[in-house]
Amino acid sequence: MMIGKSIGLLLIFIGFNQVVGAQELYVFTEPASNMPKNSIAIRLTNEGMFKPSFTNRTIVEGMVGLNKNLMFHVQGFMSDMDGKYRVEGGSFYTKYRFLSLDNEHSHFRGALYGRISTSKREMTSEDINLEGDNSGWQGGLVITQLIHKLALSATVGYSSTFKKQDDMLYFDPSMMFHSPTPMFMTMKMPDEMVNYSLSSGYLLLPFVYKNYNQPNFNLYFEVLGKTNPANGNSYLDLAPAVQVILNSKTRIDLGYRFQATGNMPNRYLKNMYLARVEFNFFNALSKN
């Protein structure tokens, strides 16, 4: 039943992509394209949830474009998810572009990516989130097609945690309306996860490029999903976002993701806002 709903939503999204498009600087996922060679960037991200109480996480990130095919990110995580604000851990992400097909107003890219993360959180969730909540590794494939102002991207990957844990019992308050006694459900603790996404957006402004100093305004729409191969539990999120780029160097993102369907208990990243600013320094590593 869950798999059928997930496939249905993905098919709806593919149809949506035929009408709405975007640039490649997605807010919730990474494209197959890389940063320019010899460039560096600094990114500050804040994400949070308002229910059951307001909690948020700050991610400090440095990015380096080594050459046209290879780049990497280094991240640090801080949050108040467990009470007071504290440092949680870090992550190393790298991406290798292995395919590049270029035309005058379009291109197609293919890339492989990998991530290794550490976190001191004791996360009681079946979900795996390697940007603050779990220690583990991830690898996958991303393909991106750019056609003038429209960019479409698809990602599939596999995640696994370093620390294997036994299943846990958790209290499901919704069962109180169906049973005279408190009901406890078995939660499969994180071990492995298959993740997938489809992303799109549209370069809304400027209508005509005159120079690189013109502000860009981009609209994005992404579908983000995960499935636990151990029991089939899964979810799909819808994630609209807007983006402004100033002088081709400063990027400002604002997005919100919410669950469209799913049966994964006590998951993270559910109904979450994201706000980000990024500063790019082109040719910063050039010897000239």
Side-chain angles (χ1 to χ4, degrees), residues 20-48 56-68 70-78 91-95 97 107 109 111 113 115 131-132 142 144-153 155 197-224 237 239-257 269 272-286:
V20 180
Q23 290 268 42
E24 294 179 82
L25 302 175
Y26 302 110
V27 174
F28 291 93
T29 60
E30 288 286 332
S33 298
N34 279 348
M35 295 174 60
K37 176 182 177 181
N38 293 327
S39 297
I40 63 174
I42 297 173
R43 178 185 288 179
L44 299 175
T45 302
N46 182 263
E47 57 187 27
N56 74 103
R57 169 175 289 127
T58 299
I59 303 174
V60 180
E61 186 170 0
M63 302 177 288
V64 178
L66 295 177
N67 54 53
K68 66 178 183 179
L70 184 63
M71 65 177 291
F72 68 86
H73 299 201
V74 177
Q75 297 175 306
F77 313 116
M78 299 170 286
S91 177
F92 178 83
Y93 170 95
T94 186
K95 182 170 57 178
R97 187 180 72 181
H107 65 234
R109 302 279 190 263
Y113 69 90
R115 180 189 297 276
E131 292 188 88
V142 54
T144 302
Q145 173 73 62
L146 176 69
I147 307 173
H148 194 42
K149 295 185 177 183
L150 169 66
L152 308 176
S153 190
T155 301
S197 66
L198 290 171
S199 303
S200 74
Y202 187 72
L203 173 59
L204 188 64
L205 295 173
F207 296 119
V208 179
Y209 266 111
K210 296 181 180 179
N211 59 69
Y212 289 112
N213 293 325
Q214 289 177 276
N216 288 14
F217 183 73
N218 303 317
L219 300 177
Y220 292 89
F221 186 81
E222 303 184 61
V223 171
L224 315 168
D237 285 358
V242 296
Q243 180 183 85
V244 176
I245 299 176
L246 305 174
N247 297 318
S248 298
K249 296 180 180 180
T250 302
R251 166 182 163 184
I252 302 170
D253 300 339
L254 184 62
Y256 188 83
R257 63 185 292 173
L269 303 177
M272 181 200 79
Y273 76 84
L274 183 150
R276 173 185 296 134
V277 60
E278 177 182 310
F279 305 97
N280 289 274
F281 305 91
F282 302 117
N283 294 316
L285 302 179
S286 176

Can you see which heavy atom on [X] is nearest to which on [Y], and at what distance?
| X | Y | value |
| --- | --- | --- |
| Leu152 | Leu150 | CD2-CD1, 3.7 Å |
| Arg97 | Asn34 | CB-ND2, 3.9 Å |
| Leu224 | Ala239 | CD1-CB, 4.0 Å |
| Leu269 | Arg257 | O-NE, 3.3 Å |
| Ser91 | Arg115 | OG-NH1, 2.9 Å |
| Pro240 | Phe28 | O-CE1, 4.2 Å |

Working to the nearest 0.5 angstrom, can you tell me the gap between [X] [atom1] and [Y] [atom2]?
| X | Y | atom1 | atom2 | result |
| --- | --- | --- | --- | --- |
| Leu205 | Leu203 | CG | CG | 7.5 Å |
| Ile40 | Phe279 | CD1 | CZ | 13.0 Å |
| Gln243 | Leu254 | CD | CG | 11.0 Å |
| Glu30 | Ser153 | CD | OG | 9.5 Å |

Taking C-beta and beyond as the side chain, do [X] and [Y] meet within less than 4.5 Å on heavy atoms?
| X | Y | result |
| --- | --- | --- |
| Val27 | Glu222 | yes |
| Ile245 | Thr250 | no |
| Val242 | Asn218 | no |

Report the residues that fulfil ring-ring contact (aromatic ring centres under 6.0 Å, His included) with Phe92, sequence neighbours left out, ordered by chain and then residue number.
-> Phe72
Residue list, ring-ring contact (aromatic ring centres under 6.0 Å, His included) with Phe281, at least two apart or on another chain | none
N/O donor-acceptor pair under 3.5 Å between [X] side chain and [Y] backbone:
| X | Y | value |
| --- | --- | --- |
| Lys95 | Ser33 | yes |
| Asn280 | Lys249 | yes |
| Lys37 | Ser286 | no |
| Thr45 | Thr58 | no |
| Tyr220 | Leu25 | yes |

State, without any angle test, whether Ser199 and Thr29 hold a side-chain donor-acceptor pair at a distance under 3.5 Å.
-> yes
With Tyr93 as partner, the option from Met71, Met63, His73, Glu61 fulfilling side-chain contact (heavy atoms from CB on, under 4.5 Å) is His73
Which residues share a salt bridge (charged side-chain N to carboxylate O under 4.0 Å, His left out) with Glu278, sequence neighbours left out | Arg43, Arg251
Hey, mind stepping through Leu44 and Val60 against side-chain contact (heavy atoms from CB on, under 4.5 Å) and telling me if it holds?
-> CA-CA 5 Å; Leu44 299 175; Val60 180; 4.0 Å; yes
Run the numbers on Tyr273 and Asn46 for side-chain hydrogen bond (donor to acceptor under 3.5 Å, both in side chains), then give the verdict.
-> CA-CA 8 Å; Tyr273 76 84; Asn46 182 263; 2.5 Å; yes
